[in-house]
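Let me begin by presenting the structure, written as structure tokens, before commenting on it.
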Amino acid sequence: MSDPEYDVLVVGAGNAAFSAAHSAREQVDRVCVLEKAPAAELGGNSYYTLGSMRATYGGLDDLRPLLDELDEREAATFDLPPYTVDDFAADMLRVTRGRTDPTLMRILVEDSFPTLQWLHRHGVKFKLQSDNQIFEVNGRKKFWGGGTIATVGGGIGLIEQHLTEAKSTGIDVRVEHQMTGFLLGPAGAVEGVVCRTPAGEVVIRAKAVVLASGGFEADARLRAVHLGPGWDTAKVRGSRYNTGEGLMSALGIGAQAYGNWSGAHAVAWDINAGPYGNRVLTNKLQRHSYPFGITVNIEGRRFVDEGEHFRNYTYAKIGSAILRQTGGLAYQIFDQRGVGFLRTDYGHEGASQVVADTIGELAQKLGLDPERLERTVAEYNAAIGEGTFDPTTLDGLRTNDVEPPKSNWALPIAEPPFVGFPVGCAITFTYGGIRIDEDARVLDQGDRPIPGLHAAGEVVGGLFYENYPGGSGLMSGAVFGRRAGATAARYARSRA
């Protein structure tokens, strides 16, 4: 075999991939990132995110050295309680119903804050999420739901900062390279990849490969096969290039399938959004303020507990609930008090919304049965119990004797004008993937590492089941990308 072109080759160009590349570059000289998309669409799903990263911390003083944007006068009004390792672990166990892989989960939780520090040293800039993650109560601005820190510039800024770091450290970035398979050595070790490019098929050799190419959410056929009926009709929140070639190639050489293959991260999405992610609006098409109103289906009936928990712990599964409704459609309804709690995303130019002075008129404009919607709202309002509304806590202001219940923040729909937002389901990423060990080495069906192959990001299975805590996806990509890059570099050096 001729001398490999690279020490470490990373397949994909999202947050997990660049994290792996930076980590590998700390140990070896020749690192390459391969991207299927053209340069104008580089960044994978990470580009379309808010840039939120869930991490542990003891308080604002822990985060302050990482923050590139902080108004100290405003910070004096913040209440930012600690978010501990135990808090993060408890959230992971609760939302996955205990199914999360305990080893991977513990690594994610314990490495989250050190990985933030490491990313910051590699040029990633952070800010507090003080726009959509705080509410003011009694003159104090309170963070809630563990969603505290995000990248400056959101997902767009995150990818730009990763690219800047990659260029400054001499990491090659090749676009329009669609991986079609692995190059295997005589003993079954991964020694590179085969790619389809505009110039034809090319073989790129490397001592070690990190697979960070995402899931299969942009392939309608694979969605229907693995997620079930109706999923072929879902819109795609992010990259249209995440069609599963890397994942399927890994399975094809014996990687172990792992995790929740019938599950996916899916959100409420503007009904008139395009079939794939919008490079300009990115995350602004999401509709996550449902805890402060009600959500009904095309029959005008509620079908979900809008106040089950903070939206950070429910938004990734509400898309699935919407897709199960007739036509895969739903309608979020707010009165003027609820409108005051809408995230800024709802206000973008062209947002699909309807405004009316009465519930019956709102129903007509939305194409719903006015009598049925009026009855739904009346039954809901009548069922609201005693309690004090507080958007920063699980306030227990709930409904009684109505199905489904609303467990928190049960404000009446009473103050006109009323506003309705038609929404559908948009899939973010798939939960099923391949199995890795604690060093991010890909395991075969006998739990043995496949020599030369490592993985990180959404291609990895086992962490998330049915649901996930907001911000843990990007954090997982960074944590395991860092591990995968380091392990791949050590493996490459052992082959020198």
Side-chain angles (χ1 to χ4, degrees), residues 12 14 16 36 44-46 48-49 95-101 104 211-252 255-271 273-277 285-288 295 297-298 303-304 313-330 423-435 455 457-470 472-473 476-477:
K36 174 184 177 182
N45 276 348
S46 304
Y48 299 90
T49 69
V95 301
T96 65
R97 300 184 185 183
R99 293 188 178 99
T100 183
D101 181 291
L104 299 184
L211 189 62
S213 54
F216 57 84
E217 65 277 354
D219 187 302
R221 180 184 65 87
L222 289 177
R223 292 199 306 269
V225 168
H226 294 289
L227 303 181
W231 278 97
D232 51 329
T233 67
K235 295 183 179 181
V236 177
R237 177 184 167 191
S239 173
R240 63 191 176 106
Y241 293 98
N242 282 16
T243 49
E245 291 94 340
L247 173 56
M248 298 306 163
S249 294
L251 296 175
Q256 183 181 158
Y258 194 50
N260 184 197
W261 274 76
S262 61
H265 182 303
V267 302
W269 204 242
D270 189 299
I271 196 62
Y276 302 103
L285 293 161
Q286 61 194 352
R287 299 290 177 261
H288 291 344
T295 302
N297 57 22
I298 202 168
F303 59 91
V304 69
Y313 303 113
T314 60
Y315 81 100
K317 66 176 183 177
I318 200 163
S320 301
I322 292 170
L323 191 70
R324 291 193 293 268
Q325 304 308 302
T326 302
L329 298 173
V423 294
C425 168
I427 185 170
T428 307
F429 66 91
T430 44
Y431 291 153
I434 53 180
R435 190 168 195 170
E458 295 166 3
V459 75
V460 171
L463 270 171
F464 308 122
Y465 285 78
E466 299 179 7
N467 194 11
Y468 101 141
S472 53
S476 168

By salt bridge (Lys or Arg N to Asp or Glu O under 4.0 Å), Glu466 pairs with (sequence neighbours left out) Arg97, Arg99
Minimal heavy-atom distance between Arg240 and Ala218, with the atoms involved, is O-CB, 3.5 Å
The ring pair (Phe, Tyr, Trp, His ring centres under 6.0 Å) partners of Tyr48 (sequence neighbours excluded) come to none
Sorted by chain and number, sequence neighbours left out, salt bridge (Lys or Arg N to Asp or Glu O under 4.0 Å) with Lys235 holds for none
Smallest heavy-atom separation, Ser320 atom then Cys425 atom, equals N-SG, 4.4 Å
Residue pairs meeting side-chain hydrogen bond (donor to acceptor under 3.5 Å, both in side chains), one or both in residues 213-231, sequence neighbours left out, come to Asn45-Glu217, Glu217-Asn242
For Tyr431, the side chain to side chain donor-acceptor pair (under 3.5 Å) test, sequence neighbours excluded, returns none
Arg324 meets the salt bridge (Lys or Arg N to Asp or Glu O under 4.0 Å) criterion, sequence neighbours left out, with none
dist Thr233:OG1 -> Ile427:CD1 (nearest 0.5 Å) comes out at 10.5 Å
Is there a side-chain contact between Asn260 and Ser262 (heavy atoms, below 4.5 Å)?
yes
On a heavy-atom basis, the closest approach of Thr96 and Leu463 is CG2-O, 3.7 Å
Taken in chain and number order and not counting sequence neighbours, the residues that satisfy side chain to side chain donor-acceptor pair (under 3.5 Å) with Thr314 are Tyr290
Sorted by chain and residue number, the side-chain contact (heavy atoms from CB on, under 4.5 Å) partners of Thr49 (sequence neighbours excluded) come out as Leu474
Sequence neighbours excluded, the answer for ring pair (Phe, Tyr, Trp, His ring centres under 6.0 Å) partners of Tyr276 is none
Across all chains, not counting sequence neighbours, the side chain to side chain donor-acceptor pair (under 3.5 Å) partners of Tyr465 are none
In this structure, CG of Asp270 is separated from CZ of Arg287 (nearest 0.5 Å) by 4.5 Å
To the nearest 0.5 Å, atom NE2 of His265 lies from atom OG1 of Thr428 at 4.5 Å
**Item:** Student check: side-chain heavy atoms of Lys36 and Glu245 closer than 4.5 Å
**Value:** yes
In short, Val423 meets Ile322 closest at the heavy-atom pair CG2-CD1, 3.9 Å
Residues at least two apart in sequence or cross-chain that pass side chain to side chain donor-acceptor pair (under 3.5 Å) with Gln256, listed by chain then number, are Arg435, Asp447
ask   = Phe216 vs Trp261 aromatic rings, parallel, tilted or perpendicular, using cut-offs 30° and 60°?
value = parallel
Distance col, row Ile271:CD1 vs Leu285:CG, nearest 0.5 angstrom, shows 11.5 Å
Sorted by chain and number, sequence neighbours left out, ring pair (Phe, Tyr, Trp, His ring centres under 6.0 Å) with Trp269 holds for none
For Val95 and Tyr468, the nearest pair of non-hydrogen atoms, with its separation, is CG2-CA, 3.8 Å
Smallest heavy-atom separation, Ala316 atom then Asn467 atom, equals CB-OD1, 3.8 Å
Per side chain to side chain contact (heavy atoms under 4.5 Å, CB included), Leu211 is matched among Leu247, Val460, Ile434 by Ile434
Counting only N and O atoms by type, is there a donor-acceptor contact under 3.5 Å from the side chain of Ser476 to the main-chain atoms of Ser472?
no
